[in-house]
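One structure is given below, encoded as structure tokens.
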Amino acid sequence: MWTAAHAQAVSYPELSSAVPGHQDVTYLDLAKMIVPDLQVGDGGFYKGSAPIEMRDILGGDESGSPPEAINLPNAAVLAIKAGGKERLTMLFDLGEAQDSAEGFAVLALYDLTGKPKLLDAVNVGTDQSTYFRDPGKLAVGVGDDALITMSTHFNSNQGYVGTILILVRNDRFEPIDQINTFDENVCAYKRTQDLSFQTRGSEKPYAAIKVTVTDATKPSGESCEEPAPKAVSHEISVTYHWDKAGSRYVRNSDAFEKLSAENAKRF
């Protein structure tokens with residue numbers, strides 16, 4: 001039976017505040033493991049220079065570069081389980097380098113069971129702004145969660161979103177897949193591509209994950225130069241199963257790749 005995922009408690013605490021259960025440790029202390037010279041700046045921002053070296057979650061060599069100067073207002077915090085252990089993740093959107101169209105966003109994994117320890121850090125930024133995407137995480141086992149991030153930018157009538165599914169295994173982030181969607185809002189109609197997530201816990205060691213894109217077009221009812229299309233909605237689903245031989249999730253379809261190619265023709 002498929003179980004729908006519900007939004008999890010992503011928080012944005014003051015970086016100067018103490019980490020619950022660790023009154024002598026602040027979120028700023030954790031952030032400094034990513035940006036070592038980060039310090040309080042003006043206007044509620046935290047300022048620093050380059051972050052530590054890290055890999056890109058998708059393994060590419062053409063990912064964005066971090067900005068030379070960092071102005072960080074806050075960070076997203078989400079507690080997860082990995083390998084049956086309690087872990088903390090933080091997402092730092094560091095902004096864009098001067099010569100880059102992509103932002104640089106660090107997803108960090110911490111062990112807080114003793115002295116806080118940074119276990120892993122990856123760049124998950126694929127567009128201008130990066131967040132945890134609702135529901136933030138998916139339970140894929142009794143003691144394991146998968147994470148969901150999204151990078152996006154908008155212009156006057158178009159929205160571009162890249163969503164990344166991420167497994168935490170052996171205290172390291174591993175990509176499951178990237179899903180690219182595209183929204184339009186013009187005079188005659190609005191077209192949206194929304195994502196939903198489900199899991200099926202009967203599979204071991206990790207549950208199957210089903211991702212569905214609902215591609216819906218709705219006429220605006222306005223008087224426009226271009227003709228209004230008919231109202232239509234359809235679903236595109238891909239299921240990811242754990243492949244024990246390959247030690248990774250594999251998808252049962254290339255439907256999302258085809259959707260991305262079709263969307264690119266509308267840019």
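Values reported hereafter were calculated over all heavy atoms of this structure, with side chains retained and with hydrogens, waters and symmetry mates removed.
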Exercise for the section: Salt-bridge test for E184 and R266: reply yes if a basic N is under 4.0 Å from a carboxylate O, no otherwise. Expected result: yes
Practice task
Determine yes or no for a side-chain-to-main-chain donor-acceptor pair under 3.5 angstrom, with D93 supplying the side chain and T130 the backbone.
Solution key: yes
Practice task
Taking the side chain as every heavy atom from C-beta outward, state whether V10 and Y131 have any atom pair closer than 4.5 Å.
Solution key: no
Exercise for the section: Keeping the roles fixed (side chain from S220, backbone from C187), state whether a donor-acceptor pair exists under 3.5 Å. Expected result: yes
Handout entry: Check ion pair R55-D120 (N to O, under 4.0 angstrom)
Key = yes
Problem - Min side-chain heavy-atom separation V40-Y46 under 4.5 Å - result: yes
Exercise for the section: Indicate if Y110 and L119 have the same hydrophobic cluster label, given that clusters are the connected sets of ILVMFWY residues with side-chain heavy-atom separations under 4.5 angstrom. Expected result: no
Handout entry: Linked, directly or transitively: I57 and Y249 (ILVMFWY side chains, under 4.5 Å)
Key = no
Problem - Centroid separation Y160 to F182 less than 6.0 Å - result: yes
Handout entry: Spacing of CD1 belonging to I166 relative to CZ belonging to R172, to within rounding of 0.5 Å
Key = 13.0 Å
Problem - Side chain H22, main chain L112, donor-acceptor under 3.5 Å - result: yes
Practice task
Identify the heavy atoms of S49 and I70 that sit nearest to each other, and give their distance.
Solution key: O-CD1, 2.8 Å
Fill in the blank from the handout: The residue among V77, V124, L91, I148 that forms side chain to side chain contact (heavy atoms under 4.5 Å, CB included) with F132 is L91
Exercise for the section: Can you spot which of T212, V213, N252 makes a side chain to side chain contact (heavy atoms under 4.5 Å, CB included) with S237? Expected result: T212
Exercise for the section: Please confirm whether the backbone N or O of S247 pairs with a side-chain atom of R169, one donor and one acceptor, at under 3.5 Å? Expected result: yes
Problem - Main-chain N/O of L78 paired to T89 side chain as donor or acceptor, under 3.5 Å - result: yes
Exercise for the section: Please tell me if the side chains of Y27 and M90 come closer than 4.5 Å, counting only heavy atoms from C-beta onward. Expected result: yes
Practice task
Please determine which of D42, N71, D37 meets the side-chain hydrogen bond (donor to acceptor under 3.5 Å, both in side chains) test together with K47.
Solution key: N71
Practice task
Could you tell me the separation between the OH atom of Y206 and the CG atom of D145, rounded to the nearest 0.5 Å?
Solution key: 11.0 Å
Exercise for the section: Would you mind checking if D111 and R87 are paired as a salt bridge, meaning a charged N to carboxylate O distance below 4.0 Å? Expected result: yes
Handout entry: E203 and R200 ion-paired at < 4.0 Å
Key = yes
Exercise for the section: Check for a donor-acceptor pair, side chain of Q8 on one end and backbone N or O of H6 on the other, with a separation under 3.5 Å. Expected result: yes
Problem - E235 side chain near S196 side chain, heavy-atom distance below 4.5 Å - result: no
Handout entry: Donor-acceptor under 3.5 Å (N155 side chain, Q158 main chain)
Key = yes
Handout entry: Pairwise salt bridge (Lys or Arg N to Asp or Glu O under 4.0 Å) hits with a residue in residues 6-26, at least two apart
Key = none
Practice task
Evaluate side chain to side chain donor-acceptor pair (under 3.5 Å) for T26 paired with D29, printing each intermediate quantity in order.
Solution key: CA-CA 5 Å; T26 66; D29 293 327; 3.3 Å; yes
Problem - Test item: S253 side-chain N/O and A255 main-chain N/O as donor-acceptor pair under 3.5 Å - result: yes
Exercise for the section: Report yes or no: does D56 contribute a side-chain atom to a donor-acceptor pair with the main-chain N or O of L58 at less than 3.5 Å? Expected result: yes
Handout entry: Note, V106 side chain near F104 side chain (heavy atom, < 4.5 Å)
Key = yes
Problem - E68 atom CD, over 12 foreign heavy atoms within 6.0 Å - result: no
Problem - Identified side chain to side chain contact (heavy atoms under 4.5 Å, CB included) partner of I176 from the options V211, I209, I164 - result: I209
Practice task
Would you mind telling me which of I179, N180, T181 makes a side chain to side chain contact (heavy atoms under 4.5 Å, CB included) with V161?
Solution key: T181
Exercise for the section: State whether the side chain of K230 and the backbone N or O of P219 hold a donor-acceptor pair below 3.5 Å, judged by distance alone. Expected result: no
Handout entry: Beyond-backbone contact of L118 with L109, side-chain heavy atoms, under 4.5 angstrom
Key = no
